[in-house]
Amino acid sequence: MWVDPDDDPRETGDPRGTDGESLDERGILLDYLRSYRLTLEMKCAGLDAEQMARRSAPPSTMSLLGLVRHLTEGERHFRRVMAGEDAPKLYRTDEDRDGDFNGAVADQAIVDEAWRQWRTEVERSDRYLAGVTDLGTCNAGYSDLGPEPGGRLQLRDVLVAQIAEYARHCGHADLLRERIDGRVGQ
């Protein structure tokens with residue numbers, strides 16, 4: 001196991017509301033998002049730059065560092081769509097749509113910058129979420145999600161998409177980490 005279950009940061013605090021009742025829909029969605037973000041950090045813990053940048057298997061460019069950079073872009077996309085903020089892509093371009101993975105090289109400065117940027121983006125997303133309680137709130141920015149590009153999306157839809165993105169990539173992170181040092185679990 002990664003950590004003793006009693007020390008797992010995803011299990012801290014009471015998962016229920018202050019009155020002992022189950023969380024409401026918003027609380028559940030935010031708890032899942034928090035848990036997957038922590039899972040990503042746990043899967044990358046203790047690795048050096050070479051290990052973070054190690055590719056899964058040719059010809060794939062997937063690496064743990066690439067996932068951090070990719071999920072950073074996802075956090076920015078969330079803010080761009082929901083808050084309507086100007087948050088241009090950091091790693092991806094029209095010329096290099098996989099720049100988040102292609103630029104994930106074994107350089108400690110690049111690893112440190114990726115984590116710094118990811119944490120900054122998570123904090124910005126969380127600040128937005130703290131100010132919006134209605135899951136029916138619609139996007140303020142252009143969305144390329146949903147059945148109709150540019151269409152209206154509710155916060156709940158975008159949160160579920162964000163959770164699904166983290167869940168998918170945490171599964172990738174499981175396999176990548178096992179390939180690096182054999183570590184499996186939680």
Side-chain angles (χ1 to χ4, degrees), residues 1-4 7-13 30-83 85-130 141 158-159 161-186:
M1 296 193 117
W2 289 87
V3 295
D4 183 303
D7 297 327
D8 190 331
R10 298 167 299 178
E11 303 298 330
T12 59
L30 295 178
D31 191 55
Y32 268 93
L33 182 58
R34 175 187 162 275
S35 179
Y36 281 120
R37 287 170 171 166
L38 287 168
T39 299
L40 176 68
E41 288 184 290
M42 290 172 70
K43 295 299 177 180
C44 297
L47 298 177
D48 62 27
E50 185 281 322
Q51 292 168 316
M52 286 290 294
R54 191 177 299 167
R55 306 298 192 206
S56 58
S60 176
T61 59
M62 188 176 294
S63 66
L64 288 168
L65 177 56
L67 289 176
V68 172
R69 291 163 51 104
H70 179 73
L71 290 166
T72 298
E73 292 285 21
E75 295 283 349
R76 288 178 73 79
H77 182 260
F78 175 84
R79 288 190 304 112
R80 211 170 25 252
V81 169
M82 286 313 300
E85 294 179 19
D86 181 24
K89 294 176 182 172
L90 294 172
Y91 308 114
R92 299 174 72 186
T93 64
D94 289 340
E95 296 77 35
D96 188 1
R97 294 179 48 92
D98 288 328
D100 36 7
F101 291 98
N102 293 335
V105 296
D107 178 325
Q108 192 58 51
I110 290 175
V111 173
D112 293 344
E113 176 60 19
W115 280 117
R116 185 196 66 73
Q117 193 65 52
W118 179 78
R119 287 183 178 97
T120 296
E121 296 305 326
V122 165
E123 188 272 323
R124 287 176 178 163
S125 294
D126 285 349
R127 192 175 17 197
Y128 168 79
L129 289 166
V158 178
L159 273 173
Q162 188 79 335
I163 291 163
E165 185 76 357
Y166 269 95
R168 175 176 180 247
H169 291 310
C170 282
H172 294 133
D174 274 340
L175 295 171
L176 287 162
R177 182 62 188 250
E178 183 177 6
R179 188 169 188 274
I180 290 168
D181 63 6
R183 202 160 182 196
V184 297
Q186 289 155 262

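The chain is numbered in sequence order, starting from 1. Keep in mind that this is a model prediction, so the values were computed, not measured.
Judged purely by atom type and a 3.5 angstrom limit, Arg179 uses its side chain to pair as donor or acceptor with the backbone of Ser56. The backbone N or O of Gly99 sits nowhere less than 3.5 Å from a side-chain atom of Arg92 that would complete a donor-acceptor pair. Distance alone, capped at 3.5 Å, is enough to place a donor-acceptor pair between the Arg55 side chain and the Thr61 backbone. Not one N or O on the side chain of Arg79 forms a donor-acceptor pair closer than 3.5 Å with the backbone of Glu85. No donor-acceptor distance shorter than 3.5 angstrom exists from the side chain of Arg177 to the backbone of Val184, with no hydrogens or angles considered. With hydrogens and angles ignored, the 3.5 Å screen pairs no side-chain donor or acceptor of Ser35 with any backbone N or O of Asp31.
In this structure, CD on Glu113 lies 12.0 Å from CD on Gln108, to the nearest 0.5 angstrom. We find the CG-CD1 distance between Asp112 and Ile110 to be 10.5 Å, quoted to the nearest 0.5 Å. The structure places CD of Glu75 at 3.5 Å from OH of Tyr166, a figure rounded to the nearest 0.5 Å. From Glu178, atom CD reaches atom CZ of Arg183 across 12.5 Å, with rounding to the nearest 0.5 Å. In this structure, the separation between CG on Asp107 and CE on Met52 is 12.5 Å, given to the nearest 0.5 Å. Distance check, rounded to the nearest 0.5 Å: CD1 of Ile180 to SG of Cys44 gives 8.0 Å.
When Arg119, Arg37, Arg34 are each tested for a salt bridge (charged side-chain N to carboxylate O under 4.0 Å, His left out) with Asp126, only one passes: Arg37.
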Please report the C-alpha distance between Glu73 and Arg69 in whole Å, then the side-chain angles of each, then the deciding distance to 0.1 Å, and finally whether the salt bridge (Lys or Arg N to Asp or Glu O under 4.0 Å) criterion is met.
CA-CA 6 Å; Glu73 292 285 21; Arg69 291 163 51 104; over 6 Å; no
Report the C-alpha distance between Leu47 and Val111 in whole Å, list the side-chain angles of each, state the deciding distance to 0.1 Å, and finish with yes or no for side-chain contact (heavy atoms from CB on, under 4.5 Å).
CA-CA 10 Å; Leu47 298 177; Val111 173; over 6 Å; no
Quick one, Leu71 with Asp100, criterion side-chain contact (heavy atoms from CB on, under 4.5 Å). Give me CA distance, side-chain angles, the key distance, then yes/no.
CA-CA 9 Å; Leu71 290 166; Asp100 36 7; over 6 Å; no
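Looking only at atom types and distance, the side chain of Glu165 has a donor-acceptor partner in the side chain of His169 under 3.5 Å away. At a cut-off of 3.5 Å, with distance as the only test, no side-chain donor of Gln162 or Tyr32 sits close to an acceptor on the other residue.
Shown here for Ala104 and Ala53, the closest heavy-atom pair between the two residues is O-CB, 3.6 Å. Leu64 and Leu176 make their closest contact through N-CD1, 3.8 Å (heavy atoms, listed as atom of the first residue, atom of the second, distance). Of all non-hydrogen atoms in Thr72 and Ala114, the two that sit nearest each other are OG1-O, 4.1 Å.
Under the 4.5 Å side-chain criterion, counting only non-hydrogen atoms from C-beta, Pro88 is in contact with Arg76. In this structure the side chain of Leu67 reaches within 4.5 angstrom of the side chain of Phe101, judged on heavy atoms. His70 has its side chain out of reach of Tyr91: every pair of non-hydrogen atoms, C-beta onward, lies at least 4.5 Å apart.
With respect to the salt-bridge test (charged N to carboxylate O, under 4.0 angstrom), the residues Arg127 and Glu123 qualify.
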